[in-house]
Chemist: 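Supplied in structure tokens, the structure appears directly below.
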2 protein chains.
Amino acid sequence: MVVDHDAPEPPYLQVAAILRGRIQAGQLPPGARVPSITALMGEFGIARNTARRAIEVLKDEDLVTVRQGWGTFVALPG
Amino acid sequence: MVVDHDAPEPPYLQVAAILRGRIQAGQLPPGARVPSITALMGEFGIARNTARRAIEVLKDEDLVTVRQGWGTFVALPG
DNA sequence: AAATATTTGTACGTATGTATG
DNA sequence: GCATACATACGTACAAATATT
């Protein structure tokens with residue numbers, strides 16, 4: 001899966017939407033580790049800051065919790 | 001005024017705090033134009049993205065409103 | 001205790017796109 | 001068309017936190 005640089009939706013929002021979909025579909029269940037920044041870079045062909053912005057979107061939605069030096073995880077329900 | 005790269009507080013938070021202070025002090029009253037990204041770069045000796053992050057902080061606090069192609073303005077009270 | 005690997009955090013400089021006036 | 005200002009993205013570098021060896 002690669003982002004579409006020509007789409008009206010910017011890459012960081014595309015990636016955020018994809019990850020959100022995986023969470024809501026249960027593909028990434030609560031407590032699961034979200035792919036690391038480096039992994040997202042490789043999977044979607046995006047730069048580091050772009051990957052971080054996508055995670056930032058999900059963090060602002062309280063869908064994930066991020067901890068430096070550890071990783072990003074799907075937020076627990078409730 | 002220049003940011004301190006050796007301070008524990010990162011530059012983008014330093015700049016956000018300074019601007020927040022100007023707003024709360026009335027130096028930047030409601031409706032006033034906040035210095036542009038380019039102006040902040042020059043005033044604080046920071047990069048473009050760093051300036052934008054500072055503004056982002058204030059935007060998340062609803063202290064300013066940002067409009068593409070126009071500028072950034074101190075939010076109206078209420 | 002110390003070194004190493006992994007992961008997130010911050011910042012740089014640059015380029016291009018989009019919106020407004 | 002042009003100038004200004006914000007929006008997004010690239011690639012790179014180093015710092016900080018965590019866990020493991």
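Each chain gets a letter, A, B and so on, in the order its sequence line appears, and its residues count up from 1.
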Chemist: For A/W70 and C/dT7, give me the distance from atom CH2 to atom P, rounded to whole Å.
Modeler: 14 Å
Chemist: Heavy atom of residues 50-58 of chain A under 4.0 Å from DNA chain C: which residues?
Modeler: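 Listed by number, they are A/R52.
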Chemist: For a 4.5 angstrom cut-off between non-hydrogen side-chain atoms, does B/L63 reach B/R20?
Modeler: yes
Chemist: Kindly work out whether a path of hydrophobic side-chain contacts (I/L/V/M/F/W/Y, heavy atoms less than 4.5 Å apart) joins B/Y12 to B/V64.
Modeler: no
Chemist: Run the numbers on A/F73 and A/V34 for side chain to side chain contact (heavy atoms under 4.5 Å, CB included), then give the verdict.
Modeler: CA-CA 5 Å; A/F73 301 84; A/V34 175; 5.7 Å; no
Chemist: Group every Ile, Leu, Val, Met, Phe, Trp and Tyr by side-chain heavy-atom contacts under 4.5 Å, then state whether A/L40 and A/W70 land in the same group.
Modeler: no
Chemist: Sort out the partner of D/dA13 for me: Watson-Crick or G-U wobble, both distances under 3.5 Å, none otherwise.
Modeler: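 C/dT10 - that is the nucleotide pairing with D/dA13, both distances being under 3.5 Å.
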Chemist: For residues B/L13 and B/L19: do they belong to one hydrophobic cluster (side chain heavy atoms under 4.5 Å, members Ile, Leu, Val, Met, Phe, Trp, Tyr)?
Modeler: no
Chemist: What are the residues of residues 30-41 of chain A, sorted by number, that bring a heavy atom to within less than 4.0 Å of DNA chain D?
Modeler: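 Those residues whose heavy atoms fall under 4.0 Å from DNA chain D, taken from residues 30-41 of chain A, amount to none.
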Chemist: Quick check against the 3.5 Å criterion: does B/E43 have a side-chain atom that pairs as donor or acceptor with the backbone of B/V2?
Modeler: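 No, B/E43 side chain to B/V2 backbone: no donor-acceptor pair under 3.5 Å.
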Chemist: Is there a continuous path of hydrophobic side-chain contacts, each under 4.5 Å between heavy atoms, that joins B/V74 to B/V66?
Modeler: yes
Chemist: Identify which nucleotide among D/dA7, D/dT8, D/dG11 has an atom closest to any side-chain atom of A/Y12, counting heavy atoms from C-beta outward.
Modeler: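 Closest nucleotide to the A/Y12 side chain: D/dT8.
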Chemist: Would you compute the distance between atom CD1 of A/I18 and atom CD1 of A/I23 and round it to the nearest 0.5 angstrom?
Modeler: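 One gets 12.5 Å once the value is rounded to the nearest 0.5 Å.
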Chemist: Of the nucleotides D/dC6, C/dT20, C/dT10, which has the atom closest to the B/T72 side chain?
Modeler: D/dC6
Chemist: Protein-nucleotides 15-18 of chain C N/O pairs closer than 3.5 Å?
Modeler:
unit_1 : atom_1 : unit_2 : atom_2 : d
C/dG17 : N2     : B/Q68  : NE2    : 3.3
C/dT18 : O2     : B/Q68  : NE2    : 2.7

Chemist: Would you please test B/I37 and B/R48 for side chain to side chain contact (heavy atoms under 4.5 Å, CB included) and show each step?
Modeler: CA-CA 7 Å; B/I37 301 290; B/R48 173 176 197 74; 3.7 Å; yes
Chemist: Rounded off to whole Å, could you give me the CZ-to-C1' distance for the B/F73 and D/dC6 pair?
Modeler: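 Taking CZ of B/F73 and C1' of D/dC6, I get 11 Å after rounding.
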Chemist: Applying salt bridge (Lys or Arg N to Asp or Glu O under 4.0 Å), run through B/E56 and B/K59 and close with a yes or a no.
Modeler: CA-CA 5 Å; B/E56 195 82 8; B/K59 194 172 61 175; 3.4 Å; yes
Chemist: If I take atom CZ in residue A/F44 and atom P in nucleotide D/dC10, what distance separates them, rounded to the nearest angstrom?
Modeler: 13 Å
Chemist: How long is the gap from CD1 on B/I55 to OG1 on B/T50, to the nearest 0.5 Å?
Modeler: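 Taking CD1 in B/I55 and OG1 in B/T50, the distance rounds to 12.0 Å.
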Chemist: So, OP1 or OP2 of D/dC10: does either fall under 4.0 Å of a side-chain N or O from A/H5?
Modeler: yes
